[in-house]
Amino acid sequence: MSNPIKLPFREGFCQLNKPEKSSKSARCTQSGIMFGISSINSVTKYYFLRINPGDSTNTGAKRNFLQYLLSSPFRKICYGAQEMYTYLIDMFNFPARQVCLTWLLLDPLVGCWLLDPDQPIHTFSEAIDRLGAKPAVIKKKDNFSQSCQLLGVLSLVVEKLYHNLSSQKLWKLFVDMEMRLVPLLAVMELRGISVDKAKLEKMNVLLKGQIDLLEAAAHKVAGKPFHLNSTVQLRTILYEELKLDQKHSIHIKETISLKAKSTSEPVLRQLKAVHPLPGIILEYRHLHKLRSTYTEGMMQHIQRNYIFTTWEQTAAATGRLTSSNPNLQAVPKHEVSLKSHVTAGPTTLHPDLLLRSPYVPRPGYTFLAADFQHIEFRLFAHLAQDPTLLQVFQQPEDIFITLAQLWYTNTRKLVQVQTRQETGQGLNLQVCNRVWPVGSQLDGLGMLGETLEPEDREKTKRIVYSVMYGAGAGKLAEFLQVDNAVASRIINSFMVKFPTIRSFFNLVVAKCRRDGKLHTIGGRQRLFPNIKSSNGGLRAQAERQAINFVIQGSAADLCKSAMLRVEQRLGSYPDLEAHLLLQIHDELVYEVQDSQLQQIKALVKEVMEDTTALLGESQELSIPLPVIITSGKNWADVS
DNA sequence: CTAGCGTCA
DNA sequence: TCTCTGACGCTAG
């Protein structure tokens, strides 16, 4: 650990001594980079490089110096590096590609999170406590001298971090994955995604219109105006004025906190049959949520036709990235229907809304999305070595459609098979029939309609993941809208068909009880203190989290690795222009130059499907991980 | 079932 | 008036 260059930034309130909560009074007015350079004989010299916004000298010597410093091979350390990077790249316009590939350093904020991802730290002093770095007595003379002293502590913190991470075999993951991700996330944040404001506004108006109609309808059937968002008022109307529960002798569950009669979704769905109001409320809540978050709410975040999200590296215990302010990972994917049962009107006035369609590429660019096909299910097959799934997953077929088809053909054996064979998709079905013969215990669900709709696939997918991660019959019944006996049968048929679900569960839980922690394919760890709890509920939860972590965390490793490797490969083709805009867990969305679309498609697919390279040469998956590439002129087109 | 974030009372 | 919390609903698997 020789020659560390330490880089906090912002004079006075650098990350090392910034207060717990960013309050207005603590906001710094001057900014720059504070750094210390240690020589061989351990003498450290400290400097402060002032960076004034709008200063023309920012483009000259200061820029060159920072570029030299940050891309130098010396070991550099910085607490909160992503924040520093966004600041610097924004200020100096450093070239994104080069930053991503060469600006590497060590950040104890991320390091501490790798040690215990359930307890991320938020301040430098927490890092000191967590790592047991000697509590330093900071003498308050002036900002500069205080910062110098903190830089000394930073060295100690990284020293401790190194020993902790190495002894837990996390160093490689830290340096080769998480630290390489930092500059990429900074670049993604700064690029932003462009938005068709007019389109978003139009959708907002359409939603508003529909919401107003629903509100009027609700007031009418309630007999008086009231605030539709108020559960208190709604409760009074439903149970004291309309007395829906008494009149129809329906028992209403009580809320846990206030032990008042619930107005929750399942309750309203139950009441829909006896009165129009609950149905209207449900529809209202749905549209109101969409408007306040995804149209009206999203417009608050637009800056000169762009939306800039924040990518959080240390927010999820499984190793996933998260997005916030706004959360672009939760923009609705499926079309929203404005057709209503209560508000009649010509359908032309109620078009379906695609809330992802206002997000568009810059002029001259096209969106390119790359999706890992059912990554967690495939990883389960690999990790559990399930013989049936290992066989099925040799082919890049859509297993959720296959399963949906299987259930369908089992309930109504004829028709569809023929047409699918004619369209050349019969092969999949034959494969699945060989593996899960018609008439097996997967049948009799009777919940799919005449033809296979996209919703059927979505439903099947949710069943698979629910059961895989240990859902009880009650929960499954609730979301499938079937009774408990049917849900039980579904779960049971899965367990019979894939006995490795249980054996893998037992294996993972046993390992977790032995070690107190588990590891993903990429070596990421998570601690499970409750795995030995005497409280059965807590223990069961820890067991489900354990299973989920191994799979979801491994998927996160692969996706992060894919982001980095695509970036590296693009680096060897300087003419190719592709900018990563979004990561939605298993999906990467790029903005690529129109004329280079085909070339980049091929490049991305090749890199992402090379799982051996993604995992490092020593590891290999038992199954391929097919990647689906789509492209288009708005985000809805590639979803 | 797991993992998140944003809205609202 | 402000901040925090729980329930809900959107996403991803």
Open item on the list: Is it the case that the side chains of A/Q385 and A/S622 hold a donor-acceptor pair, with the cut-off being a distance below 3.5 Å and no angle test?
Closed with: yes

Below 4.0 Å: OP1/OP2 of [N] and any side-chain N or O of [X]:
X: A/H286; N: C/dC8; value: no
X: A/K289; N: B/dC8; value: no
X: A/H288; N: B/dC8; value: yes
X: A/Q329; N: C/dC10; value: no
X: A/T322; N: B/dC5; value: yes

Can you tell which of [options] lies closest to the side chain of [X]?
X: A/K461; options: C/dG13, B/dC5, B/dA3; result: C/dG13
X: A/Q552; options: B/dC5, C/dG13, B/dA3; result: B/dA3
X: A/R462; options: B/dC5, C/dG13, B/dT7; result: C/dG13
X: A/E376; options: C/dG13, C/dT11, B/dA3; result: C/dG13
X: A/R544; options: B/dC1, C/dG13, C/dC10; result: B/dC1
X: A/S292; options: C/dG13, B/dC8, B/dG4; result: B/dC8
X: A/A330; options: B/dC5, B/dA3, C/dT11; result: C/dT11
X: A/K475; options: B/dT7, B/dG6, B/dC1; result: B/dC1
X: A/S466; options: B/dC8, B/dC1, C/dG13; result: B/dC1

Report which part of the nucleic acid [X] touches: base, sugar-phosphate, or nothing (heavy-atom distance under 4.0 Å, all strands).
X: A/G553; result: nothing
X: A/R526; result: sugar-phosphate
X: A/V331; result: sugar-phosphate

Open item on the list: Using 30° and 60° as the class boundaries, would you call the ring planes of A/Y465 and A/F400 parallel, tilted or perpendicular?
Closed with: tilted

TODO: Quick one: do A/N204 and A/R291 satisfy side chain to side chain donor-acceptor pair (under 3.5 Å)? Show the steps, please.
DONE: CA-CA 6 Å; A/N204 189 40; A/R291 183 169 118 91; 2.9 Å; yes

Open item on the list: Any heavy-atom pair between the side chains of A/M468 and A/I551 that's under 4.5 Å?
Closed with: yes

Open item on the list: Show, in sequence, the C-alpha distance, side-chain angles and deciding distance for A/Y359 and A/F367, and conclude whether the ring pair (Phe, Tyr, Trp, His ring centres under 6.0 Å) test is met.
Closed with: CA-CA 10 Å; A/Y359 303 86; A/F367 281 160; 8.7 Å; no

